Amino acid sequence: MISPSLKHHQSPRLDREHILITDAIKLRPLALSHAEGLLNAVERSRPQLATFLGWVEQVTDVSTARQYIRDRIDAPAPGARWYAIFHQQTFCGVFGIKSIAPCSQIAEVGYWLSTEVQGKGVIHKILAALIPALAQETNAEIVEFRCLEHNQASIQVATRAGAKWVKSVEHQMAVCNAAQKLNIYHLALKPWKK
C-alpha cells in the first residue's frame, strides 16, 4: 500500500541538474563546489550531527569537506547518486542513493540535514518525489533505510514513508559513547512501478 503521505504530483528525473522538490527545497548533484556550503552546514550542526554520524569529526575545513564529497561521488557502488540539499537556497544537507544492489535490487538511501531545517519535513518531501522516480527509472524493487536504534528522527522518517522494520544488526561504530544496533527498514517499490 502506498503511504498516503508519499503521494507526489510529479516525479522528477533522477539525472536532472536541478531537482525541484518544492519552491523551498531543491536538489543538485553533489559536487566538489559544494564543499564550503557543506562545511558551513556541518559547523552549524556539529554537536547534533556527531551524535549519530561518525564522519562528522573528520570534516573540519574545506579540504576535508571536499574529501567527504569525493568519498561519495567517486564511490564505485552500483546505482549510487548523491545530491546536495538546498533549503531557501542554502546548502543544508546531503541525500544519497548509496547503492542499488544488482542481485537483491535493494536501493539503500542515506541522508543528513543541518539542525535549522530538521523537523520541517524536508526529507519526507524529498522521498515523496524520489521514491516514484526510483521505482520508474531504476531496477530497484525495495528502498532500504538503515537507522541507528536510538535515532528516533531517522526511524520516524522511514516509518512515516511506509517502510517496515525487517531486522536489527550489530553496528561496528560506537556513537553516543555506546555501541548501537542498526535497524533496517524496507519499503517495497511495487506500488510505484508502471
Side-chain angles (χ1 to χ4, degrees), residues 2-3 5-45 49 53 55-56 59 62-100 106-140 142-145 153-154 157-158 160-163 187 189 191-194:
I2 295 177
S3 170
S5 60
L6 275 188
K7 291 183 179 171
H8 193 266
H9 297 293
Q10 185 176 355
S11 177
R13 298 270 318 154
L14 293 174
D15 57 359
R16 289 234 169 124
E17 192 59 34
H18 301 282
I19 300 175
L20 182 65
I21 304 297
T22 69
D23 288 341
I25 304 166
K26 294 176 182 65
L27 301 181
R28 295 187 180 121
L30 187 62
L32 292 175
S33 60
H34 296 129
E36 190 172 331
L38 186 142
L39 176 63
N40 291 336
V42 169
E43 289 297 343
R44 292 190 307 267
S45 308
L49 292 174
L53 302 170
W55 55 263
V56 170
V59 177
V62 172
S63 175
T64 53
R66 278 193 196 103
Q67 188 58 49
Y68 167 92
I69 293 169
R70 222 178 266 112
D71 289 346
R72 276 133 193 92
I73 63 177
D74 293 343
R81 296 171 191 258
W82 292 91
Y83 301 98
I85 304 170
F86 289 83
H87 184 266
Q88 302 292 355
Q89 301 179 358
T90 300
F91 186 107
C92 65
V94 171
F95 183 91
I97 301 166
K98 297 170 84 173
S99 67
I100 302 175
I106 293 175
E108 181 187 348
V109 296
Y111 41 83
W112 62 268
L113 287 174
S114 55
T115 311
E116 72 273 7
V117 296
Q118 291 175 5
K120 295 183 179 187
V122 171
I123 296 298
H124 189 73
K125 290 170 186 165
I126 292 170
L127 289 170
L130 295 192
I131 283 176
L134 265 170
Q136 295 162 20
E137 296 177 35
T138 73
N139 68 338
I142 293 170
V143 174
E144 182 171 275
F145 300 82
S154 185
V157 166
R160 185 173 175 213
L187 175 66
L189 290 175
W192 290 276
K193 294 281 186 187
K194 288 187 176 183

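Just so you know, these numbers come straight off a predicted model, no measurement behind them. The residues of the chain are indexed from 1 along the displayed sequence. As a basis for the values below, the full set of heavy atoms in this structure was taken, side chains included, without hydrogen atoms, waters or symmetry mates.
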Considering all heavy atoms of both residues, which atom of [X] and which atom of [Y] are nearest to each other, and what is their separation?
X	Y	result
Leu187	Ala161	CD1-O, 3.7 Å
Ala41	Ser114	O-CB, 3.8 Å
Val59	Leu39	CG1-CD1, 4.0 Å
Ala135	Lys193	O-NZ, 2.8 Å

Can you list the residues that meet the side chain to side chain donor-acceptor pair (under 3.5 Å) rule with [X], with sequence neighbours excluded?
X	value
Gln88	none
Glu36	none
Arg72	Tyr68
Asn139	none

What distance do [X] atom [atom1] and [Y] atom [atom2] have between them, rounded to the nearest 0.5 Å?
X	Y	atom1	atom2	answer
Trp112	Phe95	CH2	CZ	14.0 Å
Arg160	Leu127	CZ	CG	10.0 Å
Gln118	Cys92	CD	SG	9.5 Å
Gln136	Ile131	CD	CD1	12.0 Å
Thr90	Arg44	OG1	CZ	6.5 Å

Legend entry - Any residue meeting ring pair (Phe, Tyr, Trp, His ring centres under 6.0 Å) with Phe86, in chain and number order, not counting sequence neighbours: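 Phe86 satisfies ring pair (Phe, Tyr, Trp, His ring centres under 6.0 Å) with His34, Phe91 once adjacent residues are dropped.
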Legend entry - Thr115 versus Ser45, side-chain donor and acceptor atoms under 3.5 Å: yes
Legend entry - Criterion side-chain contact (heavy atoms from CB on, under 4.5 Å) on Glu108 and Phe145, from CA distance to verdict: CA-CA 6 Å; Glu108 181 187 348; Phe145 300 82; over 6 Å; no
Legend entry - Residues that Ala35 engages under side chain to side chain contact (heavy atoms under 4.5 Å, CB included), provided they are two or more places apart: Val62, Ala65, Arg66, Ile69
Inset, instruction - Kindly write out the residues that satisfy side chain to side chain contact (heavy atoms under 4.5 Å, CB included) with Ser154, not counting sequence neighbours, or none if the list is empty. - result: Tyr111, Cys147, Asn151
Inset, instruction - Find out whether Trp82 and Asp71 are in side-chain contact, i.e. whether some heavy atom of one side chain is under 4.5 Å from a heavy atom of the other. - result: no
Legend entry - All salt bridge (Lys or Arg N to Asp or Glu O under 4.0 Å) counterparts of Glu144, not counting sequence neighbours: Arg146
Legend entry - Val94, Val117, Ile123 screened by side-chain contact (heavy atoms from CB on, under 4.5 Å) with Ile85, the one that passes: Ile123
N/O donor-acceptor pairs under 3.5 Å from side chains in residues 19-33, not counting sequence neighbours:
unit_1	atom_1	unit_2	atom_2	d
Thr22	OG1	Ala24	N	3.1
Thr22	OG1	Ile25	N	3.0
Lys26	NZ	Asp23	O	3.1
Arg28	NE	His18	ND1	2.9

